[in-house]
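Note: hydrogens, waters and symmetry copies are ignored here, and every other heavy atom, side chains too, is used.
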Number of protein chains: 2
Amino acid sequence: MQYNPEDILPTISTDCVIFGLDQGKLKVLLTRRAIAPKKGGWALLGGFVLKHEDLETSARRTLKEISGMSNVYMEQVHSFGQVGRFPSRRVITVAYYALINYTLENLKPGPDSSDVQWFAINEVPELVFDHRYILDTTLAFLRSRVRTEPIGFELLPAKFTLTQLQGLYEAVLGTSFDTRNFRKKLLKMNLLIPLDESQTGVAHRAARLYSFNKDIYQKLKAKGFSFEL
Amino acid sequence: MQYNPEDILPTISTDCVIFGLDQGKLKVLLTRRAIAPKKGGWALLGGFVLKHEDLETSARRTLKEISGMSNVYMEQVHSFGQVGRFPSRRVITVAYYALINYTLENLKPGPDSSDVQWFAINEVPELVFDHRYILDTTLAFLRSRVRTEPIGFELLPAKFTLTQLQGLYEAVLGTSFDTRNFRKKLLKMNLLIPLDESQTGVAHRAARLYSFNKDIYQKLKAKGFSFEL
DNA sequence: GCAAAAGTGTTCTTCGTACACCCATGC
DNA sequence: GCATGGGTGTACGAAGAACACTTTTGC
């Protein structure tokens, strides 16, 4: 979809760092630019803000155009406005990050891009403009956030095993945890709902599935509970 | 100082929440608007970004015009871009906060304001636009920040007593601490340098003065230390 | 029966918390 | 000498960290 130049704020864009988890690896979604400047370069998903839309709405629109997804966990990180960060004219960008349940389906390049692709966090190619800096800042933000808010679940399917959960934290934080202590700690929080279901199709003992309920967290939080990993 | 309309980005402003500590109370600096829209209303210190300046530079310029201060601790908080937050046209604002050593000297209204004044955090008058929301968001940000980074010192003079320090945390966080535990915890961090000086001019036992050194913190941080109150 | 991951308890150390009295100084 | 805030130590309980073996399942 193309937008009328009159409907666009030419000095303000949003960029969104989209994180997904694929086989225990943290990945980011990037697009290849199909227009100047920096045609052909890899970039974060982003675009100019429309005159009649809020900042987060703009970031969500971009994400939806490319992944088809809505109702995604998204949060503002920081605004980047260095003089000269964008060639030829002044553009300030507001960075968001999104956590999505990894998929290869329904990905299609946006209006001004020729390709979309997932990259493991340590195999990211060269990026256009200041996008590398934005990515690094956002990743640092996510790492601090994931330890103090129960947002990691957004990267997992609705039903998950404790091993998957541990793997997620290890992938995001780049550390490893002791299995017994990790389970003890998470289960003691009473945020996880044990289901009467198990994994299927695995060549070993099937693990129990759990789910996470945001409402329970909100209620506990209101009572003074604070998530901390 | 007035700026040429051609040098200004009319869609982007910065607003700065300036915090100071006066006699154990947390205060914010506000200005009274001397121009439309909302002439006469109380507002955060802010202004439009110039074409040739970075975002933080813009916030620092505004602060300097009003307080005469530079080299102040400042950090970006969040950007606010709701459609309709500013009357008559679309303006996105990037909010910063600053921590300064409280003073009444050298305060003078900026180019478009008629008054500058400190307000205790719980006696803030009605504010223009979405400034109340920005203030609340920023205060919440500060409260979380002050517990995880040693930034509180920025609100105190270079030499301070442990009682002043405790009072600062109590004022910012709205809680109270046990004196013995508070001292034990802070001194154990090895961030405070005990000076061979004491308070003067007090009608009771004079307290020892301490100073805080950022370099020491940076070195400890690099070794894995993390400040936590 | 074997490979592969699931699941589970105890000990020790560290850290947070609760709590009350004497000290130094100015007036 | 008295009022005012400065300064200090100990005991208890909670939480984090280290650590190894048995269980279940599919093949």
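- B:Arg143 places a side-chain N or O within 3.5 Å of a backbone atom of B:Val172 that can act as its donor or acceptor partner.
- Between A:Tyr133 and A:Phe80, the distance separating the two ring centers is shorter than 6.0 angstrom.
- A ring-centre distance under 6.0 Å is found for B:Phe153 and B:Phe160.
- Under a cut-off of 6.0 angstrom, the local environment of NZ in B:Lys64 is sparse, with at most 12 non-hydrogen atoms contributed by other residues, nucleotides or ligands.
- Checked against D:dA20, D:dG9, D:dG5, the side chain of A:Arg180 finds its nearest nucleotide in D:dA20.
- Distance CD (A:Glu228) to P (C:dC15): 15 Å, rounded to an integer number of Å.
- Summarising the geometry, the separation between CG on B:Asp178 and C1' on D:dT8 is reported as 12 Å, rounded to the nearest angstrom.
- At C:dA6, one or more side-chain N or O atoms of A:Thr163 fall inside 4.0 Å of OP1 or OP2 (strictly under the cut-off).
- For the side-chain contact (heavy atoms from CB on, under 4.5 Å) criterion with A:Tyr210, the lone passing option out of A:Leu156, A:Leu187, A:Ile193 is A:Leu187.
- Within a 6.0 Å sphere centred on CD of B:Glu126, other residues, nucleotides and ligands contribute 12 heavy atoms or fewer.
- Following rounding to the nearest Å, B:His204 (NE2) and C:dT25 (C1') show an atom-to-atom distance of 9 Å.
- Put simply, CD on A:Gln166 is 14 Å from P on C:dA5, counting in whole angstrom units.
- Spacing between atom CD of B:Gln199 and atom C1' of D:dG5 amounts to 9 Å, rounded to whole angstrom units.
- A residue-by-residue look at A:Arg205 and B:Gln164 shows that B:Gln164 has its nearest nucleotide of DNA chain D further toward the 5' end.
- Contacts with DNA chain C (heavy atom under 4.0 Å) in residues 181-198 of chain B: B:Asn181, B:Lys184, B:Lys185, listed by number.
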